[in-house]
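Small disclaimer: the values here were computed from a predicted structure and weren't measured.
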Amino acid sequence: MWDDVDETYPDVAAIHETYERKIERARSNKRLSDSARAADMARALHTHNEQMAALQKAEDASIKATRESLTKELSGNVGNLSADQQRAVMDAYDRAQNLKDPRTALEQLRTAETLGIETYATAIARHAISHGRMLGPWSEVVAEYASTRPKAAETLEQLKSIPNPGDPVFQLKRAAVYALPVPPELQGLSATQVLQLAESDLADESD
C-alpha cells in the first residue's frame, strides 16, 4: 500500500503535477529573459520542495504514531499497572535491552514463557520490534512471541505492513517519491543558490 504514488500519495502526485506545469510555463514564457525564466523555475522548485518536506514530515508523524500504537498493542501497555508492577516491567525492559544477540533473546523468551514470566517475555518481544527488527533473526523472536498469542499475531501482521522510517530500503524508495526533478536550467546549482535565485528580483511573483 505504501508503494503506489497515485493511490498512497495523492498529495505528492498533485504537487508533482503543479510543479511540472509551472516549470513548463516558465520555460515557454518568451517574454522573460533566460535569467528570469531560471528564477521562476527556482521559485517553483523551492516552493514545491517545501511542500514535499511538509508532507513527508506529516507522513513520518503518522507512521510513528501507528507503529507506536501497534507496538503497545502487541507487547502490552504498562499505563494501567500499579507502581510496583510498573517497576517490575521497567526492570524487565532494562534486562531485555541488554540482549544483543537474537539467538540469546529467543532462548530467554522461551525460558520466560516456560517459567510463566510474562513481564520478561513481553519485554523481549518489545525489544525485538523496537527498532523495526521485523526481518532476519530478530523476526524469529517476534514470531515466537506471537505464536502462542492469537491477538498478538494479528497485530504483528498489521505492524509488518507499516513501513519503518529507519529502514534504508524504505528511505531510498520514499526519497524517490518525494524528489522533484531539477530542470536542466538549474542543474549544477546548490540548494542555497536555488533559494537565492528564487528570492531574487528576477523571479515572477505571479502564480
Side-chain angles (χ1 to χ4, degrees), residues 1-74 97 100 126-136 138-139 157-207:
M1 63 178 282
W2 297 92
D3 296 328
D4 192 303
V5 175
D6 291 332
E7 293 184 6
T8 307
Y9 298 96
D11 293 334
V12 170
I15 290 174
H16 269 281
E17 182 179 349
T18 303
Y19 167 70
E20 291 167 4
R21 185 171 63 247
K22 288 189 175 182
I23 291 297
E24 187 54 38
R25 187 181 68 180
R27 181 177 288 125
S28 62
N29 190 346
K30 303 305 180 184
R31 295 180 298 121
L32 301 177
S33 65
D34 289 346
S35 296
R37 282 196 291 271
D40 271 4
M41 292 180 191
R43 180 167 175 256
L45 178 60
H46 174 67
T47 298
H48 290 79
N49 270 336
E50 286 191 325
Q51 293 175 5
M52 287 293 198
L55 285 180
Q56 186 169 342
K57 183 177 180 180
E59 184 194 24
D60 283 344
S62 176
I63 291 175
K64 181 180 178 181
T66 301
R67 288 183 64 85
E68 287 181 350
S69 176
L70 289 173
T71 298
K72 288 180 180 179
E73 185 176 335
L74 175 62
Q97 289 296 317
K100 307 302 181 184
R126 192 159 191 170
H127 174 58
I129 64 177
S130 62
H131 300 294
R133 293 164 172 163
M134 306 305 291
L135 300 174
W138 282 101
S139 66
E157 288 305 309
Q158 295 179 50
L159 187 59
K160 285 180 178 179
S161 71
I162 306 300
N164 173 20
D167 177 13
V169 175
F170 175 69
Q171 289 176 350
L172 287 174
K173 287 183 178 180
R174 193 173 63 162
V177 169
Y178 282 105
L180 290 171
V182 178
E185 294 86 347
L186 302 180
Q187 291 286 348
L189 296 182
S190 66
T192 299
Q193 290 172 319
V194 169
L195 177 59
Q196 290 173 342
L197 188 56
E199 294 178 339
S200 70
D201 293 336
L202 292 171
D204 181 7
E205 292 298 326
S206 61
D207 289 329

* Do Asn49 and Val194 have side chains that get closer than 4.5 Å, going by heavy atoms? -> no
* To do: Enumerate the residue pairs fulfilling salt bridge (charged side-chain N to carboxylate O under 4.0 Å, His left out) with a member in residues 178-191, sequence neighbours excluded, ordered by first and then second residue.
  => Arg27-Glu185
* Out of curiosity, Tyr19 OH to Met52 CE, how far, rounded to the nearest 0.5 Å? -> 9.5 Å
* Asked: Would you say the side chain of Arg21 lies within less than 4.5 Å of the side chain of Thr18, judging by non-hydrogen atoms?
  -> yes
* To do: Heavy atoms only: give me the nearest Pro183-Ile23 pair and the separation to one decimal.
  => CG-CD1, 3.7 Å
* Excluding sequence neighbours, so at least two apart, what forms ring pair (Phe, Tyr, Trp, His ring centres under 6.0 Å) with His46? -> none
* Asked: Quick one: salt bridge (charged side-chain N to carboxylate O under 4.0 Å, His left out) pairs with a partner in residues 186-198, sequence neighbours left out?
  -> none
* To do: Would you check if Asp34 and Arg37 make a side-chain contact, meaning some heavy-atom pair closer than 4.5 Å?
  => yes
* To do: Go through the side-chain N and O atoms of Tyr178 and Glu59 and say whether any donor and acceptor fall under 3.5 Å apart.
  => yes
* **Nearest heavy atoms of Pro163 and Arg67, plus distance in Å** => O-CD, 3.4 Å
* Structure fact -> Value for CD (Glu68) from CD1 (Ile162), rounded to nearest 0.5 Å, stands at 13.0 Å
* Asked: CG of Leu197 to CG of Asp40: how many Å apart, nearest 0.5 Å?
  -> 9.0 Å
* **Closest non-hydrogen atom pair, Val177 against His16** => O-NE2, 3.4 Å
* In Å, rounded to the nearest 0.5 Å, how long is the span from CG of Leu180 to CD1 of Ile15? -> 7.5 Å
* To do: Return yes if some donor-acceptor pair links the side-chain N/O of Ser69 with the main-chain N/O of Ala65 below 3.5 Å, else return no.
  => no
* To do: Apply the test side chain to side chain contact (heavy atoms under 4.5 Å, CB included) to residues Arg174 and Val12: give CA-CA distance (whole Å), side-chain angles for both, the deciding distance (0.1 Å), then the verdict.
  => CA-CA 11 Å; Arg174 193 173 63 162; Val12 170; over 6 Å; no
* Just wondering, are more than 12 heavy atoms of other shown residues or ligands nearer than 6.0 Å to NZ in Lys100? -> yes
* Drop me the distance from Asn29's CG to Met41's CE, to the nearest 0.5 angstrom. => 9.5 Å
* **Whether Ser161 side chain and Gln158 backbone form a donor-acceptor pair below 3.5 Å** => yes
* **Taking every non-hydrogen atom, the tightest pair across Gly188 and Gln193** => O-OE1, 4.1 Å
